[in-house]
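As the structure is a computational prediction, the values presented were derived from the model and not from experiment. Reminder, nothing fancy here: chain letters follow the sequence lines and each chain counts from 1.
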Number of protein chains: 2
Amino acid sequence: MTVMTSDLGLRERKKQRTRQAISDAAIQLFLARGYDAVSVADVAAAAEVSKPTLFKYFRSKDELILDRIDDHRAEPAQVVRGRSAGESPLDALHRHQLRLLADRDPVTGISDRPQVIAFQRLLYNTESLANALLAYSIEGVELLRDALVEACGPGPHRVTAGLVANQILITTRRLGLDNWAQVAGGRTTEDLYPEAVAAVNHAYALLRGGVGDYCG
Amino acid sequence: MTVMTSDLGLRERKKQRTRQAISDAAIQLFLARGYDAVSVADVAAAAEVSKPTLFKYFRSKDELILDRIDDHRAEPAQVVRGRSAGESPLDALHRHQLRLLADRDPVTGISDRPQVIAFQRLLYNTESLANALLAYSIEGVELLRDALVEACGPGPHRVTAGLVANQILITTRRLGLDNWAQVAGGRTTEDLYPEAVAAVNHAYALLRGGVGDYCG
DNA sequence: TTAGTTTCTTAACTGAGTTAATCTAATGAA
DNA sequence: TTCATTAGATTAACTCAGTTAAGAAACTAA
């Protein structure tokens, strides 16, 4: 007679709890003392597991943090593929970006939740994490390129779709970084939100119409 | 009576030779056996110095490689600042890019020198190096942004110049990566060169005129 | 309950990077 | 030339990230 508390077996539930315990201990310690001042041994001890166990759940120290970031890598490609009939890929991505902003999604760099702010500070102030995040943010280029090719063809040149995908992703990243810089500088979310919307609109206008008007 | 062999003292000359010896040993071993299969201790031994000495000359294992890459980070900003009267920043950058290509500069991804090809393979096939390279390639954004602001003003929105700088640098990187992929796939330089020129021209047309024509 | 499997711990290891004490050798002034 | 100064190197020992192997503990299914 199995207990009905969960669909998964006890073993699976324990694994989930262990993973969560490690992750929680890591975030808490990193936020309290800083990434570099905390060793993985400290995290393991706080989570009451051994070091090898920690590395069975997380591939590296970086991943203890990066795991907490919602995976947006495949999103742009999905947005392009899932757009409504008659909508252009760029319109769909633009609309999606405004949606994320309205939801105050952490990727946009706009959030007033203190935990989120502290977490982002950790991310952007730790070199190895910031580098990993940059790599992460354009990891989806090929996916987006494929989606664009599907939607619009390869374009007039072999490199077109890839270049466009790159521009879109780096622009998204920059917008997020820029908002974060403002928030880190003390701006409030309410204060910043209209500007952030305008920035997204402006960025998409740049993408669509080019930078020729600005700087020749 | 000082010997006239060099302007620098013996001590300084020895330092230069030591640095070179470490760098040479590192590249040679990495190319022969692969980055991960060679330890810094191996490099130090081959260069006949101690490990702490190695780390006095190079901050990390990565830097043993990255040190060999010509520093192009400040170049875009310099190109913009040093452009001839009447030339737009984008035109200057475009021209500069074609110049690098004509010179078969390694950054362009086009080179038929086997050493360069082997070196690039090492760079792009080693995750930590590829990540570092990505970070490196857009490290000059703020410099370029400042140069653009100087040349064209901040633009119609707070974020404009930064977004444009980002797009230019990521585009340059992508062009290089794309060329490298072709070379790595067996294309010859002569074969590829005209395409690469066309790609640069196309990329700058995209930057100038936007992607709107391609994908809405 | 037990056999079989998965997961955990312990202990010891490799490799990157650092630190402190000690030693060597280039330098420059007497 | 000589010698004190000082920059640079070495040795040895250390911290920390990440891995491996052997065995102990515990969930699962019968």
Is it true that the side chains of Asn201(B) and His157(A) contain a donor and an acceptor less than 3.5 Å apart?
-> no

Just call it for Val38(A): base, sugar-phosphate, or nothing, with non-hydrogen atoms closer than 4.0 Å on any strand.
-> sugar-phosphate

Base, sugar-phosphate alone, or nothing: which one does Ser39(A) contact when heavy atoms must sit under 4.0 Å apart?
-> sugar-phosphate

Is the cationic atom of Lys61(A) (NZ for Lys, CZ for Arg) positioned less than 6.0 Å from the six-membered ring centroid of Phe30(A) and within 45 degrees of its normal?
->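 No, a cation-pi geometry is absent between Lys61(A) and Phe30(A).
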
Rounding to an integer number of Å, can you tell me how far [X] [atom1] sits from [N] [atom2]?
X	N	atom1	atom2	answer
Tyr57(B)	dA7(D)	OH	P	14 Å
Glu12(B)	dT6(D)	CD	C1'	14 Å
Phe55(B)	dG8(D)	CZ	P	19 Å
Lys61(A)	dA17(D)	NZ	P	4 Å
Lys56(B)	dA16(C)	NZ	C1'	19 Å
Glu48(A)	dT10(C)	CD	P	12 Å
Lys15(A)	dA26(D)	NZ	P	17 Å
Glu63(A)	dT19(D)	CD	P	11 Å

From the set [options], return the single nucleotide nearest to any side-chain atom of [X].
X	options	result
Ser50(B)	dT9(C), dT28(D), dT10(D)	dT10(D)
Pro52(A)	dT6(D), dA11(C), dT5(C)	dA11(C)
Val49(A)	dC27(D), dA9(D), dT9(C)	dT9(C)

For Glu127(B), enumerate each residue passing the side chain to side chain donor-acceptor pair (under 3.5 Å) test, keeping only those at least two apart in sequence or located in another chain.
-> none

Does the distance from a Lys or Arg side-chain N to an Asp or Glu carboxylate O, for Asp105(B) and Arg99(B), drop under 4.0 Å?
->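 Arg99(B) and Asp105(B): not salt-bridged.
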
Name the atoms and distances for all side-chain donor-acceptor pairs under 3.5 Å in residues 110-125 of chain A, with sequence neighbours left out.
{"from": "Ser111(A)", "atom 1": "OG", "to": "Arg113(A)", "atom 2": "N", "distance (Å)": "3.4"}
{"from": "Gln120(A)", "atom 1": "NE2", "to": "Pro106(A)", "atom 2": "O", "distance (Å)": "3.1"}
{"from": "Asn125(A)", "atom 1": "ND2", "to": "Arg121(A)", "atom 2": "O", "distance (Å)": "3.3"}

5'-most contact on DNA chain C: Asp62(B) or Arg11(B), nearest heavy atom basis?
-> Asp62(B)

Check whether any side-chain N or O of [X] sits under 4.0 Å from OP1 or OP2 of [N], and answer yes or no.
X	N	answer
Lys51(A)	dA17(D)	no
Thr53(B)	dT10(D)	yes
Lys14(A)	dA26(D)	no

